[in-house]
Structures are given as C-alpha cells and as structure tokens.
Amino acid sequence: MKLIFERSRPGHGCDMLPANDVPTLQPAAEYTRQTAPNLPEITEGEISRHYSELERNSRGVNNGFYPLGSCTMKYNPKINDEMAALPGFAELHPLQPPHTVQGALQVMQMAEELLDEITGMDCMTFQPAAGAHGEYTGIAMIKAYHKKRGEGKTRTKMLVPDAAHGTNPASAAMNGYTVVTIPSAPDGGVDVEALRAAAGADTAGLMLTNPNTLGLFEKNICEITQIVHDAGGLNYYDGANLNAIMGIVRPGDMGFDVIHLNLHKTFSTPHGGGGPGSGAVGCKTILAPFLPRPVVAQEGGTLVLSNDIPDSIGKVRSFYGNFLITLRALCYVLTLGQQGIPAAATGAVLNANYLMRKLATPAEIAYNRTCMHEFVLSMKTLKKETGVSALDLAKGLLDYGIHPPTMYFPLIVEEALMFEPTETESIETLAEAAEAFRALVALAHQNPEALHSAPHSTPVRRPDEVGAARNPVLKYDFAR
Ligand SMILES: *Cc1c(COP(=O)(O)O)cnc(C)c1O
C-alpha cells in the first residue's frame with residue numbers, strides 16, 4: 001500500500017503511469033485472505049491511554065535513579081536515535097547492491113576503525129546480535145585457529161574464572177569446550193597460581209571478564225594473559241562493560257587476542273526487554289582469517305562486502321548484524337571524541353566509588369578495594385540480625401523512587417546487591433540514594449515487617465517473577 005501511495009505522488013515519475021500499471025506488492029488472489037482479520041477495534045484515544053498507563057505502571061530511567069548493575073543502560077543521547085532514523089539509513093534494504101550503499105559501508109568501516117583504536121584490536125565484525133552471541137563468535141574463531149594449526153583435537157579446555165559473567169562458560173560449552181573454572185583469590189581477582197596449574201597443552205584459551213562481575217579490575221592481568229600465551233592458548237576479553245576502561249587502557253595492549261563489546265550497553269542503544277543488541281567482535285590479525293563473512297573491504301575506489309575469506313567461521317547472523325546499532329555507536333564515539341570517551345569512563349568509576357563509600361557503613365562492601373563502574377554489597381549481616389534480605393531492601397528502594405540494583409548476582413557473594421550508578425548521575429542524586437538506603441537499613445532494625453512487604457507505593461507490588469517468565473501472558477485482554 002505504502003509503495004502505491006508514494007509512487008503516485010506528483011513528481012515521483014510513476015504518477016505518469018495509468019493506475020492499473022502501478023506495481024503493487026499485493027500477492028495473487030489465491031494467497032489473499034478471504035475474511036477480514038479479527039483485529040480489536042478501539043479508538044485512537046483508547047490506544048493512547050493504554051500506552052500512557054503502561055508507562056505510568058513502569059519504572060524507567062526517566063522516572064528516577066536506575067542503578068541496575070552490569071546491564072545498565074548507559075548514556076543514550078537522543079541525537080543518536082535521530083541519526084538512526086534518517087531515511088538514508090533506516091530505509092536501506094540489506095540486499096541492495098553495494099554501489100548504492102557506500103555510505104552505510106563507510107559507517108561500518110569508520111566504526112570498525114575507531115572501535116579498533118579504542119580496544120587495541122586490528123579488525124572487527126558487527127554481525128553478532130548480542131554480547132553472548134559475540135562470545136560464541138569469538139570462541140568459534142579461537143577454535144578455528146587451533147584447528148588450522150592442527151591442534152583442534154588436543155586443545156579442548158577453556159579456562160574461565162568464577163567471577164566471569166555467566167554467559168562466558170555457556171559460550172565455551174556451546175563451542176564444545178570443557179570449561180575449567182579458575183577460583184578467585186581472596187582479593188576478588190583471579191587466583192594466579194590456580195591458573196598456572198590449570199594451563200597446559202590442552203588449553204585452548206582463557207575468557208576474562210574485566211572489570212569482573214565484582215566490579216574489580218584484574219590486578220595481574222598481564223601475568224594472566226602471559227600464562228595462557230605461554231601454554232599456547234589465546235586470550236578472550238569480555239568487554240561488555242568497556243565503559244569502565246574505554247580511552248584509559250586497551251585490552252589489545254594487555255595480551256588479549258579477541259574481544260566482544262556490547263555496543264547496546266557501552267556505546268548507546270536503548271535495549272530494554274531483551275533487545276536489540278550488537279556484540280561486535282574485535283580481534284588481532286592472527287584471528288582475522290576466521291572472522292564471520294562478509295567483511296567490508298576496499299576494492300578500487302569503492303567499498304564492497306567481501307566473502308573472500310576461505311577460513312571464515314561462516315555467518316553467525318543474517319546480513320551484517322543490527323546495522324543501526326553500529327551507526328549509533330559511531331555517533332557516540334564521534335560525539336564524545338578523544339576527550340569525552342575517557343571522561344565518561346572516569347566519571348563512571350568516580351560515581352561508583354563515591355556511592356560505594358557512602359554505603360560502606362550501613363552495608364558491607366563485598367571486596368573492599370577501589371571499584372570500577374560498579375560495586376557489590378553483601379547484606380548477609382543485616383539478614384542475620386533482622387531477617388531483612390537483599391531482596392526486601394531492593395524492593396524498599398522502590399518506595400523512594402529508586403529502581404532496585406541487581407540482586408543475588410554475582411553468585412559468589414551472599415545476599416548480593418550490585419550497584420552501577422553510571423557517569424550521568426549528579427552527586428546530589430547519589431547522595432539522596434545513599435540517604436534512602438541508610439533509612440531502609442534503620443527501618444530493617446526497627447520494623448522488619450515493613451520491608452518484607454515493600455514496596456508499598458508502586459502499582460504492582462511483588463510480582464511472581466518466576467511465573468511471569470515461565471507462563472507469560474502475551475495477549476492483551478481488551479475485555480479487562
Ligand atoms: C551483559 C553482559 C553479557 C551478555 O550480553 P548480552 O547482550 O546480554 O548477551 C556478557 N558479559 C558481560 C560482562 C555482561 O555484562
């Protein structure tokens with residue numbers, strides 16, 4: 001329908017055609033439906049009220065402080081969405097011939113160059129659709145590398161520290177590797193001696209989440225990557241939370257061979273409700289022959305999508321990934337620039353340390369060191385003394401208009417609460433949040449029941465989260 005309308009507009013050329021010559025996308029009669037679809041009939045006002053009510057019933061970053069650790073939406077400037085909505089980008093078709101999409105290919109090439117510079121890598125693919133998908137891709141490249149060298153059968157183990165993100169062991173296992181868990185040392189870093197003992201001729205590589213899920217920068221990082229390289233393995237960097245280090249240090253300079261970025265976390269794309277995402281994978285030249293295809297390449301004066309990579313692991317997703325997320329990432333990097341990128345990282349780290357120190361008295365810091373962009377508290381003493389759990393406290397924060405932090409993660413900390421304030425919050429907001437937290441801890445001692453039944457002020461109180469995940473109600477009941 002849209003096609004007919006646009007083509008029949010004056011000045012479009014096609015308006016010269018007689019009406020029945022206008023090409024349509026309508027399928028042949030045998031494929032068209034015989035009865036009208038049973039669509040709900042409601043007025044524009046009703047649908048508008050419906051969405052406004054959904055908004056009122058939700059808590060988002062527009063309503064208040066949102067310190068959800070690890071997967072926080074960071075800075076998503078509106079300008080990036082405006083760029084992604086430009087018709088020249090938004091209306092491209094993935095099967096258009098390359099000479100008609102030179103601008104889009106240039107976006108991919110520029111984003112690759114800038115993100116390579118930020119990560120210290122040599123090449124990058126934007127095909128993977130999420131962070132975990134990027135991990136799968138990067139580990140598949142490591143596997144292809146060992147296979148090419150005739151060591152595919154002997155290097156069967158992937159070393160994964162216990163403070164890694166949960167998707168790391170899953171990605172290694174999906175690639176057929178046996179996961180060897182490396183324990184954490186008492187300071188929250190990798191136990192280097194345990195790593196040394198585990199590394200050997202059967203090691204395919206190591207997957208390191210840095211900062212790890214405790215929000216800590218790995219202290220012995222160069223020694224760790226050296227141990228793995230000496231054993232003949234390769235080093236994988238989970239860079240989902242690159243916002244803590246971007247523009248300050250580069251994984252490529254610390255002995256890593258391959259990295260994934262969560263462009264939808266660090267490099268600005270709103271990603272609530274499970275998507276969309278982009279798990280860009282960067283690698284050193286030694287892994288470039290195994291990148292998913294196609295890759296953007298220069299041919300004469302033009303850019304092309306080249307499939308000429310005989311050892312490629314193949315495609316991991318249709319077409320070129322979520323292109324508009326690549327575009328937003330490019331806008332983000334160009335807007336912040338050489339000064340803004342490290343300033344965002346230092347701001348995120350400063351805010352996290354400020355809030356961590358403010359909360360240190362009423363709670364216990366799980367690992368009492370300078371943290372990166374996030375930190376983990378343990379509420380185990382409060383629970384023992386008052387019966388009030390990390391969950392109760394998180395629910396209580398909602399009554400102060402604060403979104404709960406991440407709860408019960410990482411698994412290696414009892415009664416864990418993980419906060420990530422991000423660099424965009426003011427010192428006043430952080431101080432208010434600390435006051436709210438302090439008041440809730442005091443309340444836990446005076447009237448624990450009030451917290452067991454929190455929140456008291458939200459439209460929905462304690463939903464059955466497991467039930468919602470297992471038996472989701474996917475249809476809106478208009479009769480309700
Ligand atoms: C979010 C996250 C992932 C997984 O990313 P998805 O896009 O959710 O698949 C992996 N590692 C770390 C450290 C993360 O924070």
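The basis for the numbers below is simple: all heavy atoms, side chains too, and nothing from hydrogens, waters or symmetry mates.
- Applying side-chain contact (heavy atoms from CB on, under 4.5 Å) to Ile182 and the options Ile224, Leu208, Leu195, Val160 leaves one that passes, Leu195.
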Check the pair Met108 / Tyr320 against side chain to side chain contact (heavy atoms under 4.5 Å, CB included), numbers first and verdict last.
CA-CA 9 Å; Met108 287 164 75; Tyr320 329 109; 3.7 Å; yes
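- Taking 4.5 Å as the limit, every side-chain heavy atom of Leu305 sits out of range of all side-chain heavy atoms of Val295.
- Smallest separation of non-hydrogen atoms from Tyr332 and Phe267: CD2-CD2, 3.6 Å.
- Environment of CD in Gln96: crowded, with over 12 heavy atoms of neighbouring residues, nucleotides or ligands closer than 6.0 Å.
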Please test Asn322 against Ser278 for side chain to side chain donor-acceptor pair (under 3.5 Å), starting from the C-alpha separation and ending with a verdict.
CA-CA 6 Å; Asn322 283 322; Ser278 173; over 6 Å; no
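- Between the side chain of Asp191 and the main chain of Glu193, a donor-acceptor pair closer than 3.5 Å is present.
- At distances below 3.5 Å, not a single donor-acceptor pair connects side-chain atoms of Asp311 with backbone N or O atoms of Phe290.
- Here the straight-line distance linking atom CG of Asn262 with atom CG of Leu242 works out to 10.0 Å at 0.5 Å rounding.
- Partner of Ile313 under the side-chain contact (heavy atoms from CB on, under 4.5 Å) criterion, chosen from Ile139, Thr125, Thr137: Thr137.
- Taking all atoms of both residues into account, the shortest heavy-atom contact from Gly277 to His264 is CA-ND1, 3.5 Å.
- Between the side chain of Arg196 and the main chain of Ile227, no donor-acceptor pair closer than 3.5 Å is present.
- Of all heavy-atom pairs spanning Gln127 and Pro292, the tightest one is OE1-CB, 3.7 Å.
- Once rounded to the nearest 0.5 Å, the distance linking CG of Leu287 with CE of Met121 reads 9.0 Å.
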Between Asn168 and Thr209, does a side chain to side chain donor-acceptor pair (under 3.5 Å) hold up when you go through it step by step?
CA-CA 8 Å; Asn168 290 188; Thr209 301; 2.8 Å; yes
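- Side-chain N/O atoms of Asn80 and Ser268 include a donor and acceptor closer than 3.5 Å.
- Enclosure of atom CG in Leu86 by more than 12 non-hydrogen atoms of other residues, nucleotides or ligands within 6.0 angstrom is indicated.
- Other residues, nucleotides and ligands contribute more than 12 heavy atoms inside 6.0 Å of the CG atom of Asn63.
- Between the Thr203 side chain and the Ala199 main chain, no donor and acceptor come within less than 3.5 Å of each other.
- In this structure, Asn471 and Val473 have side chains that are not in contact, with every pair of non-hydrogen atoms separated by 4.5 Å or more.
- Using a distance-only test at 3.5 Å, with no hydrogens or angles considered, no donor-acceptor pair links the side chain of Tyr136 to the main chain of Gly131.
- Shortest non-hydrogen contact noted between Ile309 and Leu291 is CD1-O, 4.1 Å.
- No donor-acceptor pair under 3.5 Å is formed between the side chain of Thr119 and the backbone N or O of Gly252.
- Residue Ile286 holds its CD1 atom at 9.5 Å from CG of Asp122, rounded to the nearest 0.5 Å.
- In this structure, Asp202 contributes its side chain and Lys157 its backbone to no donor-acceptor pair below 3.5 Å.
- With rounding to the nearest 0.5 angstrom, the CG atom of Leu355 is 11.5 Å from the CD atom of Glu420.
- The distance from atom CD1 of Ile365 to atom CE of Met356, rounded to the nearest 0.5 Å, is 4.5 Å.
- Residues Tyr408 and Val413 form no side-chain contact, since every pair of their non-hydrogen atoms from C-beta on lies 4.5 Å or further apart.
- In this structure, OG on Ser426 lies 9.0 Å from CZ on Phe65, to the nearest 0.5 angstrom.
- Salt bridge status for Arg369 with Glu218: absent, with no side-chain N to carboxylate O gap under 4.0 Å.
- Closest of all the heavy-atom pairs between His229 and Leu234 is CD2-CA, 4.4 Å.
- Closest heavy-atom contact between Ala343 and Thr346: O-OG1, 3.1 Å.
- Using a 4.5 Å heavy-atom threshold, the side chains of Thr266 and Leu261 count as separate.
- Residue-environment remark: CD (Glu55) stays at or below the threshold of 12 foreign heavy atoms within 6.0 Å.
- A salt bridge links Arg328 with Asp81; the closest basic N to acidic carboxylate O contact falls under 4.0 Å.
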Tell me, with the steps shown, if Lys358 and Glu432 meet salt bridge (charged side-chain N to carboxylate O under 4.0 Å, His left out).
CA-CA 10 Å; Lys358 281 271 192 192; Glu432 273 169 31; over 6 Å; no
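- With a 6.0 Å radius and a threshold of 12 heavy atoms from other residues, nucleotides or ligands, Lys315 has its NZ atom above the threshold.
- Within the 3.5 Å criterion, the main-chain N or O of Ala204 finds a donor-acceptor partner in the side chain of His146.
- The aromatic rings of Phe419 and Phe437 sit perpendicular to each other, their planes meeting at more than 60°, with 30° as the lower class boundary.
- Counting heavy atoms from C-beta on, the side chains of Cys123 and Glu112 come closer than 4.5 Å.
- The main-chain N or O of Leu214 is never found under 3.5 Å from a side-chain atom of Glu374 such that the two would form a donor-acceptor pair.
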Carefully, step by step, assess Ser184 and Asp162 under the rule side chain to side chain donor-acceptor pair (under 3.5 Å).
CA-CA 6 Å; Ser184 295; Asp162 64 4; 2.4 Å; yes
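- For the residue pair Asn210 and Tyr237, a side-chain donor N or O sits within less than 3.5 Å of a side-chain acceptor on the partner.
- Here Asp257 does not pair with Lys284 in a salt bridge; the nearest charged N to carboxylate O distance is not below 4.0 Å.
- Side chain of Ser378 to backbone of Ala416: no donor-acceptor contact under 3.5 angstrom is found.
- Side-chain contact between Ile245 and Met372 is present, with heavy atoms from C-beta onward closer than 4.5 Å.
- Counting non-hydrogen atoms of neighbouring residues, nucleotides and ligands closer than 6.0 angstrom, the CD atom of Glu299 reaches no more than 12 such neighbours.
- With contacts defined as side-chain heavy-atom distances shorter than 4.5 Å, the pair Pro455/Val460 does not qualify.
- Side-chain contact of Thr167 with Glu135: a donor-acceptor pair under 3.5 Å is present, judged by distance alone.
- The neighbour count for Gln109 CD, taken as heavy atoms of other residues, nucleotides or ligands under 6.0 Å away, is above 12.
- Other residues, nucleotides and ligands contribute over 12 non-hydrogen atoms within 6.0 Å of the CE atom of Met407.
- A salt bridge is absent between Lys143 and Glu151; no separation between the charged side-chain nitrogens and carboxylate oxygens falls under 4.0 Å.
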